Amino acid sequence: MKELIISRLRESADIKLRFAKESVAEVEEASSIIIKSLKAGGKILIFGNGGSAADSQHIAAEFVNRYSKQRKAFPALALTTDTSILTSVPNDGSFDDIFSRQIEALGSKGDVAWGITTSGKSENVLKAFKTAGTMGLRTIAFTGQDTSRIGKSAECCVSVPSKSTPRVQELHITLAHIVCELVEDALAVKKESVKKEQQKTES
């Protein structure tokens, strides 16, 4: 048991270190897209299947509540929580439409559609990006090693260099936390800057 534990920890650590050497720019790009959208009054729509559905809810909670700073709530919504929508759409049509229909209903130009798919081949995520692109939303994909399809669908593609679903999921939530921190830092700085400018004007 001990050997397996150590092996998995090393495997996860190695993937994180490899990502740090190769793909930091993509995380910066994803953060910048979200920051720009929120500054302009946009919102973040997050979605995925299985474990990625849970990650979507986790990330939305970090934005709406807080990550590490006390600040105004950021508008974010996980498209994985309304069981009536998630069951009625496939019952009346197709499971591939569960996210695209919600984006059609809730999304606006300038919002961010953030899709998570470890395989990079989830049809409902791919279709959601197609709808988002048509409507003028910015698109961010969190995926695994295979970007052959998802890389063509999303404006920004953050790819974890692994085919192992557990390892990809582990890095996804780490990267999502980093994005949350970068967004908080950027918007907090802006708020403080505005306050200082107001103080200068008053004096």
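Here the structure is a predicted model, which is why all the values come from computation and not from measurement.
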Shortest non-hydrogen contact from [X] toward [Y]:
X: T131; Y: S100; value: OG1-CB, 3.4 Å
X: V64; Y: A73; value: O-CB, 3.1 Å
X: C157; Y: G151; value: SG-CA, 4.2 Å
X: G115; Y: V125; value: CA-CG1, 4.1 Å
X: C156; Y: A30; value: SG-N, 3.7 Å
X: F74; Y: E184; value: CE1-CG, 4.0 Å

Should Y67 and I34 be regarded as members of a common hydrophobic cluster, given that ILVMFWY residues are connected when their side-chain heavy atoms come within less than 4.5 Å of each other, either directly or indirectly?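 No: no chain of side-chain contacts under 4.5 Å links Y67 to I34.
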
Do F63 and F142 share a hydrophobic cluster (ILVMFWY, side-chain heavy atoms under 4.5 Å, transitive)?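 F63 clusters together with F142.
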
Please identify each residue that fulfils side-chain hydrogen bond (donor to acceptor under 3.5 Å, both in side chains) with T87, with sequence neighbours left out.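 In terms of side-chain hydrogen bond (donor to acceptor under 3.5 Å, both in side chains), with neighbours along the sequence ignored, T87 is linked to no residue.
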
Keeping to residues at least two apart or across chains, list the side-chain hydrogen bond (donor to acceptor under 3.5 Å, both in side chains) pairs with something in residues 109-127.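 Sorted result for residues 109-127: K43-D111, N49-N124, D97-K127, T117-S119, T117-S122, K121-D146, E123-R149.
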
What residue pairs, at least two apart or across chains, pass side-chain hydrogen bond (donor to acceptor under 3.5 Å, both in side chains) with a residue in residues 76-86?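 Only Q57-T80 qualify under side-chain hydrogen bond (donor to acceptor under 3.5 Å, both in side chains).
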
Could you tell me if the ring centre of H58 sits under 6.0 Å from that of H172?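 Here the rings of H172 and H58 have centres that are no less than 6.0 Å from each other.
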
Give a yes or no on whether R101 atom CZ has more than 12 heavy-atom contacts from other residues, nucleotides or ligands under 6.0 Å away.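 Not buried by this count: 12 neighbours or fewer within 6.0 Å.
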
Can you confirm whether [X] sits close enough to [Y] that some side-chain heavy atom of one is under 4.5 Å from a side-chain heavy atom of the other?
X: I46; Y: L79; result: no
X: I6; Y: R10; result: yes
X: D14; Y: R18; result: no
X: L45; Y: L137; result: yes
X: L38; Y: I44; result: yes
X: T139; Y: V112; result: no

Would you say the side-chain atoms of [X] pair up with the backbone N or O of [Y], donor to acceptor, closer than 3.5 Å?
X: S56; Y: S52; result: yes
X: S31; Y: V183; result: no
X: S32; Y: E28; result: yes
X: S159; Y: G144; result: yes
X: T134; Y: K130; result: yes

Could you walk me through whether V160 and T143 satisfy the side chain to side chain contact (heavy atoms under 4.5 Å, CB included) test, starting with their C-alpha distance in whole Å, then the side-chain angles of each, then the deciding distance to 0.1 Å, before giving a yes or no? CA-CA 6 Å; V160 175; T143 190; over 6 Å; no

Please test S12 against E170 for side chain to side chain donor-acceptor pair (under 3.5 Å), starting from the C-alpha separation and ending with a verdict. CA-CA 8 Å; S12 185; E170 288 159 8; 2.9 Å; yes

Which is it for V179 and V27 under the side chain to side chain contact (heavy atoms under 4.5 Å, CB included) test, yes or no, and what are the steps along the way? CA-CA 7 Å; V179 169; V27 179; 4.0 Å; yes

Derivation and outcome, side chain to side chain contact (heavy atoms under 4.5 Å, CB included), residues R71 and L187: CA-CA 9 Å; R71 41 77 179 172; L187 297 182; over 6 Å; no

Quick one: [atom1] on [X] to [atom2] on [Y], what's the gap to the nearest 0.5 Å?
X: Q70; Y: N65; atom1: CD; atom2: CG; answer: 8.0 Å
X: E22; Y: L17; atom1: CD; atom2: CG; answer: 11.0 Å
X: T147; Y: Q145; atom1: OG1; atom2: CD; answer: 9.0 Å
X: E104; Y: F99; atom1: CD; atom2: CZ; answer: 15.5 Å

Which salt bridge (Lys or Arg N to Asp or Glu O under 4.0 Å) pairs, counting each pair once, include a residue from residues 50-70, with sequence neighbours left out?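 Residue pairs passing salt bridge (Lys or Arg N to Asp or Glu O under 4.0 Å), neighbours aside: K69-D185.
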
Once salt bridge (Lys or Arg N to Asp or Glu O under 4.0 Å) is applied, what residue pairs with a partner in residues 150-163 remain, sequence neighbours excluded?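 Of all non-adjacent pairs touching residues 150-163, those that pass salt bridge (Lys or Arg N to Asp or Glu O under 4.0 Å) are R138-E155.
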
For R8, salt bridge (charged side-chain N to carboxylate O under 4.0 Å, His left out) partners two or more places apart: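 In terms of salt bridge (charged side-chain N to carboxylate O under 4.0 Å, His left out), with neighbours along the sequence ignored, R8 is linked to E11.
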
List the steps and the verdict of side chain to side chain contact (heavy atoms under 4.5 Å, CB included) for F47 and I116. CA-CA 6 Å; F47 49 95; I116 308 172; over 6 Å; no

